[in-house]
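Heads up, the thing below is written out as structure tokens.
Values reported hereafter were calculated over all heavy atoms of this structure, with side chains retained and with hydrogens, waters and symmetry mates removed. First listed ligand is number 1; within each ligand, the first listed atom is number 1.
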Amino acid sequence: MSLWVDKYRPNSLTKLDYHKTQALHLKHLVQQGDFPHLLVYGPSGAGKKTRIFCLLRELYGPGVERLRLEHMNIQTPSNKKIDITTVSSNYHLEVNPSDVGFHDRVVIQELIKTVAQTHQLDPSGQREFKVVVICEADCLTKDAQHALRRTMEKYVATCRIILVAHTISRVIPAIRSRCLGVRVGAPTKDEIISILQSICRKEGLSLPNELAERIAMQSNGNLRRAVLFLETCKVQQYPFQPDQKVAAHDWEIFLKDTAKMIVQEQSPQKLLQIRNRLYELMIHGIPSEFIFKGLLQELVKNCDMQLKTQVVEKAAFFEHRIHLGSKPIIHLEAFVASFMASYKKFMEATVADLF
Ligand SMILES: Nc1ncnc2c1ncn2[C@@H]1O[C@H](COP(=O)(O)OP(=O)(O)OP(=O)(O)O)[C@@H](O)[C@H]1O
């Protein structure tokens, strides 16, 4: 039995429920024959992978659905052996090079070389190129991105690259200019509601509009989360109630409480407690970007316009530093300390104004 997120994942471009014009453009792109490298970007859960999968199916037919897991062994110039797991069909290969940290350059080069040099196993595969899907392309080191650019040019005859990223700001201009950018924006609230309703219709369930609306609001534009929330609600209680609780993730509640603690007291002792909580989140695998975003969203709720600008500016500064350095905790903590200082000053000024 599969989860609804997998069960109701559209598998062809014509079945995609939103950004329909874009889906049509992608279909034309395939029919036109001259397929470029793509850079598909957009927020988490917006449907990037789903769209790419539909595109691959349009290119190669149902054969792309026969997937296998492969473990590859790659040797670095310093003779270190790196294991990487890829998901592939006869026509494409999907890899997440951020799994191998700073060795990503070698991995990218070797993988593309291997794919480009192996000929199509199935002669009826109607395309003379294979596709390499590189996930989390915005997390690739600059070194790997430059190597990727060169490799892309070298093997363009037998290999096309589809890069998947959350943001293009971390993708080097030389790569951006060699790819066709495809922005997959988050679905709107109404689009999410209509997808939730359609899943319930197919399951033979009746979903009150009020509950669908609350799930859509809480999912924050992330369709995967919305569908997961819906399935959790179904497990918790059916028939659905309009005022039924939509369970948020534990870590989100923990993060919200952490933000509350920062606003309640600004002192070195509190900072120490906050650091422990940040470590706690990171140990449980929550990416530092999520922590940053979650904290910022909660903290700015307590700021006036002037302080909000200051805080957002600081957040941008420290978030940028996270990508330059290697230990996110230092920058997260620096941001919290700087927020505490600004907030304390702001509160003191407000109190002074009162007297
Ligand atoms: N057009 C669509 N219609 C209905 N459901 C969809 C559509 N696109 C995506 N979904 C649902 O949303 C879920 C998430 O989509 P997907 O994995 O493609 O997002 P993503 O943008 O690649 O996310 P991430 O960046 O977090 O990997 C899918 O499992 C699928 O159930």
Task: Under 4.0 Å to a heavy atom of Asp17 - the qualifying atoms of ligand 1, by number - done: 1 (N), 2 (C), 3 (N), 4 (C)

Open item on the list: Counting non-hydrogen protein atoms only, what is the nearest one to atom 26 (O) of ligand 1? Give residue, atom name and distance.
Closed with: Ser44 OG, 2.6 Å

- [ ] Could you tell me whether Lys49 and ligand 1 have an N or O pair separated by under 3.5 Å?
- [x] yes

Task: Sub-4.5 Å side-chain heavy-atom contact between Phe318 and Ile322 - done: no

TODO: Name the closest protein heavy atom to atom 29 (O) of ligand 1, giving the residue it belongs to and the distance to 0.1 Å.
DONE: Val5 O, 3.0 Å

TODO: Just need the protein heavy atom nearest to atom 20 (P) of ligand 1, so name the residue and atom and give the distance.
DONE: Lys48 N, 3.5 Å

Open item on the list: Can you see whether Gln75 engages Asn79 through a side-chain donor-acceptor pair at a distance of less than 3.5 angstrom?
Closed with: yes

TODO: Do me a favour and list the nearest non-hydrogen protein atom to atom 27 (O) of ligand 1 with residue, atom name and distance?
DONE: Arg224 NH2, 3.4 Å

- [ ] For a side chain to side chain contact (heavy atoms under 4.5 Å, CB included) with Ile192, tell me which candidate from Leu196, Thr188, Asp190 qualifies.
- [x] Leu196

TODO: List the steps, then state whether side-chain contact (heavy atoms from CB on, under 4.5 Å) holds for Val131 with Tyr60.
DONE: CA-CA 10 Å; Val131 173; Tyr60 300 108; 3.5 Å; yes

Open item on the list: Less than 4.0 Å is my threshold; does some heavy atom of Pro10 fall inside it relative to ligand 1?
Closed with: yes

TODO: Can you spot which of Val106, Leu93, Thr151 makes a side chain to side chain contact (heavy atoms under 4.5 Å, CB included) with Leu111?
DONE: Leu93

- [ ] Identify, for atom 19 (O) of ligand 1, the protein heavy atom at the shortest distance, and state residue, atom and that distance.
- [x] Gly47 N, 3.2 Å

Task: Polar proximity ligand 1 side, Arg9 side, N/O cut 3.5 Å exclusive - done: yes

- [ ] Give a yes or no on whether a salt bridge exists between Glu298 and Lys260, defined as a side-chain N under 4.0 angstrom from a carboxylate O.
- [x] no

Task: Top protein contact for atom 9 (C) of ligand 1, by heavy-atom distance - done: Thr50 OG1, 3.4 Å

Open item on the list: Among all protein heavy atoms in this structure, tell me which lies nearest to atom 7 (C) of ligand 1, with the distance rounded to 0.1 Å.
Closed with: Leu223 CD2, 3.7 Å

Open item on the list: Looking at ligand 1, would Pro43 count as a contact under a 4.0 Å heavy-atom criterion?
Closed with: yes

Open item on the list: Using the salt bridge (charged side-chain N to carboxylate O under 4.0 Å, His left out) definition, which of the options Arg275, Arg321, Arg277 pairs with Glu333?
Closed with: Arg275

Task: Glu231 with Lys7: basic N within carboxylate O range, under 4.0 Å - done: no

Task: Where ligand 1 meets His166 - atom numbers and elements under 4.0 angstrom, heavy-atom basis - done: 25 (O)

Open item on the list: Please tell me whether Ser169 and Thr167 have a donor and an acceptor in their side chains that are separated by less than 3.5 angstrom.
Closed with: yes

TODO: Give the residue, atom name and distance (to 0.1 Å) of the protein heavy atom nearest atom 8 (N) of ligand 1.
DONE: Tyr18 OH, 3.5 Å

TODO: Compute the minimum heavy-atom distance from Val227 to ligand 1 and say whether it is under 4.0 Å.
DONE: no

Open item on the list: Please determine whether the number of non-hydrogen atoms from other residues, nucleotides or ligands lying under 6.0 Å from atom CD of Glu313 exceeds 12.
Closed with: no

